[in-house]
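Quick notes on the structure that follows.
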Amino acid sequence: MCYFAFFVVHYLLPQLFSTLRGLITNFAPMTLSTLTAKKDLDSLDPKEYIIIKNARVNNLKSLSVAIPRNKFVVITGLSGSGKSSLAFDTLFAEGQRMYVESLSSYARQFLGRMEKPEVEYIKGVAPAIAIQQKVSTKNPRSTVGTTTEIYDYLKLLFARVGKTYSPISGKEVKHHTVTDIVDYILSFEEGDKVMISCPLQVARGRKIEQELELLLQKGYTRILIDGEAYFVEDLLQEKKIQKGNYEILIDRASVRKDDEDNQFRIADSVQTALFEGHGDCKITIPEKETREFSDRFELDGMSFELPSVNFFSFNNPYGACRRCEGFGNVLGIDPDLVIPDKSLSVYEGAIAPWRGESSRTWLEPLLKKGIEFDFPIHRAFEDLSEKEQDLIWTGNKYFKGLDAFFKDLETKTHKIQYRVMLSRFRGRTTCPECRGTRLRKDASYVKIQEKSITDLVLMPIDEALVFFNELELAPHEAKVANRLLKEIVSRLEFMDQVGLGYLTLNRLTSTLSGGEYQRIKLATSLGSALVGSMYILDEPSIGLHPRDTDRLVGVLKSLRDMGNTVIVVEHEDKVMKAADQIIDIGPDAGVHGGELLFQGSIEELIASAQTHTARYLRGEEQIFKKNGNRKWKDSIIVKGARENNLKNLTVQFPLNTLTVVTGVSGSGKSTLIKKVLYPALGKMLGTVIDESGKYDKIEGDYKRITQVEFVDQNPIGKSSRSNPVTYVKAYDAIRTLFADQPVSRQRGYKPAFFSFNVDGGRCEACAGEGTTTVEMQFMADIHLTCESCKGKRFKNEILDVKYRDKDISEVLDMTIDEAMEFFKGKTQIINRLQPLQEVGLGYIGMGQSSNTLSGGEAQRVKLASFLGKGGTKSGDQVLFIFDEPTTGLHFHDIRKLLHSINALIDQGHSVIIIEHNTEVIRSADWVIDLGPEGGNKGGHLTFAGTPEDLAKEKGNYTADYLREGFA
């Protein structure tokens, strides 16, 4: 009995449970996560999933994942965890490569060569479109309108339905076509007689007899003199040449509406009459009506050009402005140099060139006679009306204006003092002829409902959208313009939806931020209405205020609803919460990342996942906690900032604090900091040569600033030889350490022998690259490990030198974290490497190429280099300016970034951040909020103070989102 019980318990029951478990497993539905975890991807349908198996690109560790098609999927994870490697370097690269490989070898030679990503296989790839942050054009002619293709449709619209109006009388300029004249003739009753004639044009130097002889030779037989018909031959024979109004009788016909041949004959005669009459034609219906027609496009003594597509193209010599040649700017008199301080009145000397003794004679008539035309000479220039400000330039019958003054100076340029005076007031200014629109002046004479194409490209997009939505055209015009208007309106709507309603179509593409450019490309893609494609976006929420993120999510969903797969690399929680599925890569960054941690819905992520993302979303971890706001007494004050949409701002920037500049997209943040404050301070210090924006003056304690540093996300080095350890100057100390080893001293090796950038110790076969490149015709180049050095980059004899059993090549293969442990005790090296670890970059390789770093990583390497320089001298400080430093950063990385930034302030520096992230705003000591809206409705200072006080504000967009965190 005991043996039987033992047999049942220890043998039968386990077998039974095992069998049941197998049955349950076999009959239970296999979830996507289960399949992915088991690497059982072969059972999935590539028509429903994009299947990636064993991806090993960069730091990905044989990652396998199945992405559902036609869904909105967010890939998240720490900076450097492998998100971009999966989305762009694997998925998009394979999509592009497959497309290129499908072309002929002849076509492939003209396209970029694409390498096959290191992956076992990728199935179900759709045509791929990548929209990245990088502004890929510096073309001075590229604008928002041309990039989005809206301008191409506008050109067609104005060429087809635009009406030309005379600038003199304001009347519409019309001309008659052959069709118009034929339609007029056919409007009469059947059988009515018609005479088609034109004026006889007698060439200069000829007599009337000679002109008549030429008419006979051309085949014309009759002529009209004061309306009476004569045979030309009879006039010449009888020599009865008389005075009167001579016309060539081209044809006599009758109205036959159903006779097609007759209609062709009439049309041909009309064409001939217009040619012989040099644009004039006369139609006479005997005993009924006589009417003159002209095909000349003229009115008020002016000749106008017929609208065409090239007429509205500033990239074509025919349509480009003659003065600025299609660039929109000219070297002319800069109004801001002529009137530098707009708080002064004309009486107080606001007009700089009229302050001298000799030039004051131009000012005196205005001062003495201003009362006669009611001009306020004691009112500040900035308070004058636009008409009164223009009057100072144009003048009137009482005084000569600034335009006349500078024209007078230009006539005296043979004297050096006048040339010097002119140069003082010259600058790059908006072309006065085309108002910066780059188009020839007469293009603005063509209008649709009183708006020219120049008016529309200078309008903010949201205003232009209202105009087109309310546009009413005549039935015939509406039929012609219907398709064009649909394309224009849909693209404008998408631009407005992605939060770019404040931009103008005339805005240069090269002046856009990375986020703005990416959203423009997104709007263009939406406008093209592709279906069945795979869109891969890189942080589209960059540069977006939380208010605008909701609208962006709506756009991404509409892209998905059209039948596309939308894959977004993103950290913004609002975007994550709107996604159909989340893919979390990690667990950490660099060599510690590259694994699939989670795949599922946002609810599942928050409920059960144990990743950094899930813990921050649940509130278990927080980005930053500050202990009160820092007190300050010193500050820099910018007065009268007027660049772009800034409305004569006066802003105070505290020193020795963390100051955040925020506001809705397009409110003027970047303009204030990047175009005004940074270049203005840099010029004072002699470190920046960029032209600064318009402002009156800088006051306050700016002399305390010894250096101004702009820390952006541009790569720290484009060369494959550039790496983080050289950027922070740690490699110099490492080379010196290896040169001090006994073997080095015996052989006479200098520190330069341990550099892969110069001849000496580096491998000559690969020139220190570690790889050699084999060019493959019509295919991607192949990068092979160097056979000579086996990828170690140095000669074998150099590798004989070791420190703690590691040669220089093995040291470069270490991560920063490993190197910190390895070089323990070597203060000079540790002090340089430690800042990299502090900013959260301990996972990156010592010798990792800089061009493989993400934007966020590059920015933190720059930050680490500043941290490594130590504190400042007594009384000296550096002003650091960060532009959207949270771009590409996970919540966990933002925490490390804020700790590092606060370390800079603790060293005695000052920090200004342009940012939308509410957690960063909460951690600031001082907040400057611009708004209230973007574009023309922005540029005002809406708040300056502590984040706690901002959260109490009513009717402020930033305060609405900030308040949630303080609740």
Applied to residues 924-934, the salt bridge (Lys or Arg N to Asp or Glu O under 4.0 Å) test, sequence neighbours excluded, yields Arg547-Glu933, Arg630-Asp925
* Under 3.5 Å side-chain donor-acceptor pair for Thr509 and Thr147 -> yes
*Would you tell me whether Asn629 and Glu948 have side-chain atoms, one donor and one acceptor, within less than 3.5 Å of each other?*
yes
Taken in chain and number order and not counting sequence neighbours, the residues that satisfy side chain to side chain contact (heavy atoms under 4.5 Å, CB included) with Glu818 are Met814, Thr815
Across all chains, not counting sequence neighbours, the side chain to side chain contact (heavy atoms under 4.5 Å, CB included) partners of Arg69 are Ile50, Ala126, Thr565
Sorted by chain and number, sequence neighbours left out, side-chain hydrogen bond (donor to acceptor under 3.5 Å, both in side chains) with Asp89 holds for Asn58
message: Would you say His612 and Asp588 are linked by a side-chain donor-acceptor pair, where the criterion is simply a distance under 3.5 Å?
response: yes
Residues at least two apart in sequence or cross-chain that pass side-chain hydrogen bond (donor to acceptor under 3.5 Å, both in side chains) with Gln610, listed by chain then number, are none
Can you confirm whether the side chains of Thr886 and Glu915 place a donor and an acceptor under 3.5 Å from each other?
yes
Contacts satisfying salt bridge (Lys or Arg N to Asp or Glu O under 4.0 Å) that involve residues 886-904 (not counting sequence neighbours) are Glu621-Arg895, Arg860-Asp893
Next item on the list: Please step through ring pair (Phe, Tyr, Trp, His ring centres under 6.0 Å) for the pair His909 and Phe880, ending with a clear verdict.
Entry: CA-CA 8 Å; His909 303 299; Phe880 289 95; 5.2 Å; yes
If you draw a 6.0 Å radius around NZ in Lys61, do more than 12 non-hydrogen atoms from other residues or ligands fall strictly inside? yes
| message | Regarding Ser558 and Asp561, do their side chains bring together a donor and an acceptor under 3.5 Å, going by distance alone? | response | no
query = Asn54 side chain to Glu120 main-chain N or O, any donor-acceptor pair under 3.5 Å?
reply = no
### Message
Is it the case that over 12 heavy atoms from other parts of the model lie below 6.0 angstrom from the NZ atom of Lys937?
### Response
no
Checking side-chain polar atoms at under 3.5 Å, does Thr613 have a donor or acceptor matched by the opposite partner on His890?
yes
